[in-house]
Amino acid sequence: MATNYWLVKQEPEAYSWADFVKDKTTDWTGIRNYQARNNLRQMKKGDVVFYYHSVSEKQIVGVAKVTKEHFPDPTAKEGDWSCVELKAVKALKVPVTLEQMKADTALAEMPLIRHTRLSAMPLTAAHAQRLLKLGKTEL
DNA sequence: GCCAACGTTGGC
DNA sequence: GCCAACGTTGGC
């Protein structure tokens, strides 16, 4: 099965990459947006997930992997919501900033840029390779 | 089922 | 801190 690529957004003030690394794995809970939820549900074990710090940093800082496919979000008191379990894999050697991504023709089509409010989104393999290159990082 | 009002997110 | 963009809600 081919690996899929994703990008999730998080405000570093709420749960930073550093927190994630310390925890090693985390349940990606709290998604309350239908489109993002549907994306979460399509994540497969072993898929690669880029980790984007929004608001105060606006850059991709690390790479994670899906370790558990979607299950009901335990933090949701009502409604039909899902989460996945992610494992921190490695930080990018060089963070890739929003500014860089906007300026890069290979990345300007990413949902991150066109749909700024979406908190979990699919990436193409081409996007992923480009991001790794810009981040000077190999998986 | 449409659309206006409102709330939230995120870039600047 | 402000404001634009977007998703969601609720009245009709």
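In the text below, chain A, chain B and the rest are named by the order of the sequence lines, each starting its count at 1.
Taking a cutoff of 4.0 Å between a charged side-chain nitrogen and a carboxylate oxygen, Asp23(A) and Lys87(A) do not qualify as a salt bridge. A salt bridge is defined here as a Lys NZ or Arg NE, NH1 or NH2 lying under 4.0 Å from an Asp or Glu carboxylate O, and Asp73(A) with Arg37(A) fails to meet this definition.
Of the possible donor and acceptor atoms, none in the side chain of Lys102(A) sits under 3.5 Å from a partner among the backbone N and O of Thr97(A).
Once you apply a 4.0 Å limit to the heavy atoms of chain A, the touched nucleotides of DNA chain C run 5' to 3' over dA5(C) to dT8(C).
Between Tyr5(A) and Phe50(A), the angle of the ring planes lies from 30° to 60°, which puts this pair in the tilted group.
Bending across the helix from dG1(B)-dC12(C) to dC12(B)-dG1(C), expressed as the angle between its end axes from five pairs apiece, amounts to 10° (10° rounding).
Using a 3.5 Å distance cut-off with no hydrogens or angles, the side chains of Asp27(A) and Thr29(A) do not pair a donor with an acceptor. A donor and an acceptor atom, one from each side chain of Ser56(A) and Glu13(A), are located under 3.5 Å apart.
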I would like to know whether Thr75(A) and Arg32(A) meet side-chain hydrogen bond (donor to acceptor under 3.5 Å, both in side chains); could you show each step before the answer? CA-CA 11 Å; Thr75(A) 69; Arg32(A) 297 291 183 271; 3.2 Å; yes
Do Lys65(A) and Asp47(A) pass the salt bridge (charged side-chain N to carboxylate O under 4.0 Å, His left out) test, and can you show the C-alpha distance, the side-chain angles, and the key distance before you say yes or no? CA-CA 6 Å; Lys65(A) 276 194 176 179; Asp47(A) 281 358; over 6 Å; no
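Sorted by residue number, the members of residues 26-37 of chain A with any non-hydrogen atom under 4.0 Å from DNA chain C read Asn33(A), Tyr34(A).
Within the cation-pi definition used here (under 6.0 Å to the ring centroid, within 45° of the axis), Lys22(A) does not qualify as a partner of Phe20(A).
For Trp28(A) and Tyr51(A), the ring centers sit closer than 6.0 Å to each other.
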